[in-house]
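Let me begin by presenting the structure, written as structure tokens, before commenting on it.
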Amino acid sequence: MTSAGPARRAVPYAFLAPAIVLFTLLVLVPIGYTIYLSLHRAKVSGLGLGVGARTEVFAGLDTYRQALANPEFWRGVLRVLSYGALLVPTMLGLALLFALLLDRPKVRFARFSRIAIFLPYAVPSVVATVLWGFLYLPALTPLPMPANLLEPGLLLFAVLNIGLWGGVGFNMVVILTALRAVPAEVYESARLDGASEWQIAVRVKIPLVTPALIMAGIFTVIATLQVFNEPTTLQPLTNAMPSTWTPLMKVHSDAFARGDIYSASATSVVIAAATLVFSLVFLRLVNRRAFAGEQR
Amino acid sequence: MRALLRPLLAMTACASVLAGCSSGEQATEPDGPIELTYWAWAANIEQVVEKWNSEHPDVQVTVSRQSSGDELVTKVLAAAKTGNAPDLLQAEYQALPTLVSNGVTADLSPHVGDARSRFTDGAWDQVTLGTEAVYAIPQDSGPMMLYYRKDLFASYGLTVPKTWDEFAATAAALRTKTTSSYLTTFSSNDPGWFAGLAQQAGARWWDIDGETWTVGIDDEATREVADYWGGLVADGVIDDQPMYTPEWNKALGDGTVLAWPSAIWGPAVLADLAAATRGKWAMAPMPQWTAGEHRTGNWGGSSVAVSADSPHAEAAAEFAIWLNSDPVATEALVTAGSLYPAARDAQSGPALAQPPAFFPDQPDFYPEAKRIADSAVGWIWGPNVNVTYQAYKDAFGKAITNRTPFADAVSEMHKSTVDDMRRNGFQVADG
């Protein structure tokens, strides 16, 4: 037993090694390189033509200063915030509504409805956006559209609609699964006490699935911060969508259209840091609320 | 840090572009044929390369098809950083200075020999950037001309506009006869199109003065072009939606759009997007700013560059010259690729004797096109056209959406371009 000491101590590290190596290579190194790039900039001499005319020089926080001073960046932030403010409550509300409706006793076509509502989640967002784009374009749409959703004022709703269409089904399943896990006795006793289906839904079911709702909320917040595919795919269809519509689109456009990898890195680092702080605060807040019952 | 990252980046680049990775390995093999990789997106370019491969067993070229010019530039810049650039690449003229400035392209002047005489002066200027170096071999050019639906022009009683004033009057006249069709559209998505219109008006967006760049995007000629189109959009006599959307594609075919100021490669696009309208379109010279003038600009046009990392620059240059000037190759470029070659002889070659299949009723299509092409004026492209083009899309999209003057969008393009050049350390005069 004692002779196996050092070897035994090495075992956990051997098991950890693959994870550590992969984590270092695929997470830490790219993050480190992004930070490195964000502190540098390109320096061109003269006309910038010919060999060695372009070099990389240390820029300190200058790149950050420039990235943050750009009003387009803040306009993008504002757009994402308003997108989230609309998306999160609508998404959770619809998902909860559908889950409660499907969870009612003796509901007809339950299986079909569940699959029909969930199915859009299986459609890749780019495909979904192309599909909706065709439905939005006034000359092509087979639907009687009341207004052109690709006009400036309504563009946010055009994107919102695609996000909802693809996301509600998934969140509904999360909530529905939580509802199915509730023991039948709970409902039985509620009914014996004379509660109507409405009262059961509001007073029993919703409080019991709060953790699932919060989970769905976190997913939706993440989806908000990552919104990219939908606006990027819609962009060539309309004049109203600049290449900096969201901060992530600005990163992409800076890096790949404008060829300024340094500014794109700085903006990425800012977005990542903000997301981290945002998530930590959010988790801390909802943790207290969601699991307060368990701690008591 | 960079040393650590290189293999990782290389790995990523390999995953996306398998062909690009093989070039390095084969270079170490002294025996066997030289293997060259070629990134391109020109239509059916593989068929032309096939002809070279069958004639040249010692130099074999593999085409790696790319989706578009902009994407190719992005990928090449990344691949060059990791040492994985292809041997040869298709470079649009406006992207060439960006590639040169990033050190991606090799100077071919030691390998070109007498090739210069085989190309038109205008095309050759585009690949030398006004220096002693030769950064690419010209492939094709895109002189602009006007395509219009002759059947609909006749049924609405319209005549083909010879000046831009007539063009505006025609647009307005059409709207008095129908509300479902427009003469054409102004596209905030196609900076290359607008650049061609500005060239025609005599603009010079960039110039080189010794060791200094001058930027003239916000010049009088460009503002005049912008104000003209802004006026048409504000009056509602033309459409303001982007080109190359599903909606526009449909409009070309169903008579919603009657005319398209485009380039010599237009027939290929029309045949692709509006196949049912074959024979209903006709081509005319671009409307002129001054009656009686004969000027046009260029929309697009490409060259073939050799990457600075290629161990086979000489063989690659030989291939590039063959591809773009050998009669066998240029004929295939015309027939299979619908390109208008930059080589002198090819412009009067047998391949251009017949009109494009989509224009069967216009037998003098190419003789007329050659007259137009000879009147095309160009300029030297700057080292950050990508920035200018991105600014065009955003600024004109905003101007159309907010109904603000188009000239403001031009100022915005100018400012974005100059700011970017200054920030990167280019010597810039004016601004």
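Labels below follow one simple rule: chain letters A, B, ... track the order of the sequence lines, proteins then strands, and each chain is numbered from 1. Keep in mind that this is a model prediction, so the values were computed, not measured.
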Atom pair CG (B:Asp209) and CG (A:Leu47), whose distance is rounded to the nearest 0.5 Å: 9.5 Å
Does any backbone or side-chain atom of A:Ser253 lie under 4.5 Å from a heavy atom of chain B? Answer side chain, backbone, both or neither. side chain
Between A:Asp260 and chain B, which part of the residue has a heavy atom less than 4.5 Å away: side chain, backbone, both or neither? side chain
Count the heavy-atom pairs under 4.5 Å between each of B:Asn386, B:Thr245, B:Asn402 and chain A, then report the option with the highest count. B:Asn386
Close contacts, residues 96-107 of chain B versus chain A, judged by heavy atoms under 4.5 Å: B:Pro97, B:Val100, B:Ser101, B:Asn102
Residue part contacting chain B, namely of A:Ser263, when any heavy atom lies under 4.5 Å: neither
With respect to chain A, which residue among B:Pro246, B:Gly210, B:Ser188, B:Ala391 yields the maximal number of heavy-atom pairs within a distance under 4.5 Å? B:Pro246
Counting only N and O atoms by type, is there a donor-acceptor contact under 3.5 Å from the side chain of B:Asn189 to the main-chain atoms of A:Pro236? yes
Just so I understand: if I count every heavy-atom pair under 4.5 Å between each of B:Gly425, B:Gly382, B:Ser187, B:Ala308 and chain A, which residue has the most? B:Gly425
Checking side chain to side chain contact (heavy atoms under 4.5 Å, CB included) for the pair B:Asp419/A:Gln66: CA distance, chi angles, key distance, verdict? CA-CA 12 Å; B:Asp419 284 353; A:Gln66 254 154 9; over 6 Å; no
Which residues from residues 247-255 of chain B are near chain A, with near meaning under 4.5 Å between non-hydrogen atoms? B:Glu247, B:Lys250
Looking at A:Ser243, is its backbone amide N or carbonyl O close enough to the side chain of B:Asp394 to form a donor-acceptor pair, meaning the two atoms are under 3.5 Å apart? yes
Flag if over 12 foreign heavy atoms under 6.0 Å of OH, A:Tyr121: no
When you measure from the side chain of A:Arg54 to the backbone of B:Asn424, do you find a donor-acceptor pair of N or O atoms at a distance under 3.5 Å? no
To the nearest 0.5 Å, what is the distance between CD on A:Gln235 and NZ on B:Lys393? 7.5 Å
Could you name the residues of residues 122-137 of chain A that have a heavy atom within less than 4.5 Å of a heavy atom in chain B? A:Phe134, A:Leu137
Does any backbone or side-chain atom of B:Thr212 lie under 4.5 Å from a heavy atom of chain A? Answer side chain, backbone, both or neither. backbone
Engaged part of B:Gln390 at the chain A interface, taking heavy atoms whose separation is under 4.5 Å: side chain
Using heavy-atom distances under 4.5 Å, tell me whether B:Leu77 contacts chain A through its side chain, its backbone, both, or neither. neither
Contact residues of residues 145-162 of chain A (partner chain B; heavy-atom separation under 4.5 angstrom): A:Pro152
Comparing B:Gln241, B:Glu71, B:Gln427, B:Glu211 against chain A, the one with the most heavy-atom pairs below 4.5 Å turns out to be B:Glu211
Using non-hydrogen atoms only, which part of B:Tyr389 is less than 4.5 Å away from chain A: side chain, backbone, both, or neither? neither
Does atom CZ (A:Phe15) have a neighbourhood of more than 12 heavy atoms from anything else shown, all under 6.0 Å? no
What option among B:Asp420, B:Ile208, B:Thr131 has the most heavy-atom pairs under 4.5 Å with chain A? B:Ile208
For chain B, the option from A:Asp62, A:Val57, A:Leu140, A:Thr244 that forms the most heavy-atom pairs under 4.5 Å: A:Leu140
Checking side-chain polar atoms at under 3.5 Å, does B:Thr401 have a donor or acceptor matched by the opposite partner on A:Asn239? no
Can you confirm whether more than 12 heavy atoms, excluding those of B:Tyr244, are under 6.0 Å from its OH atom? yes
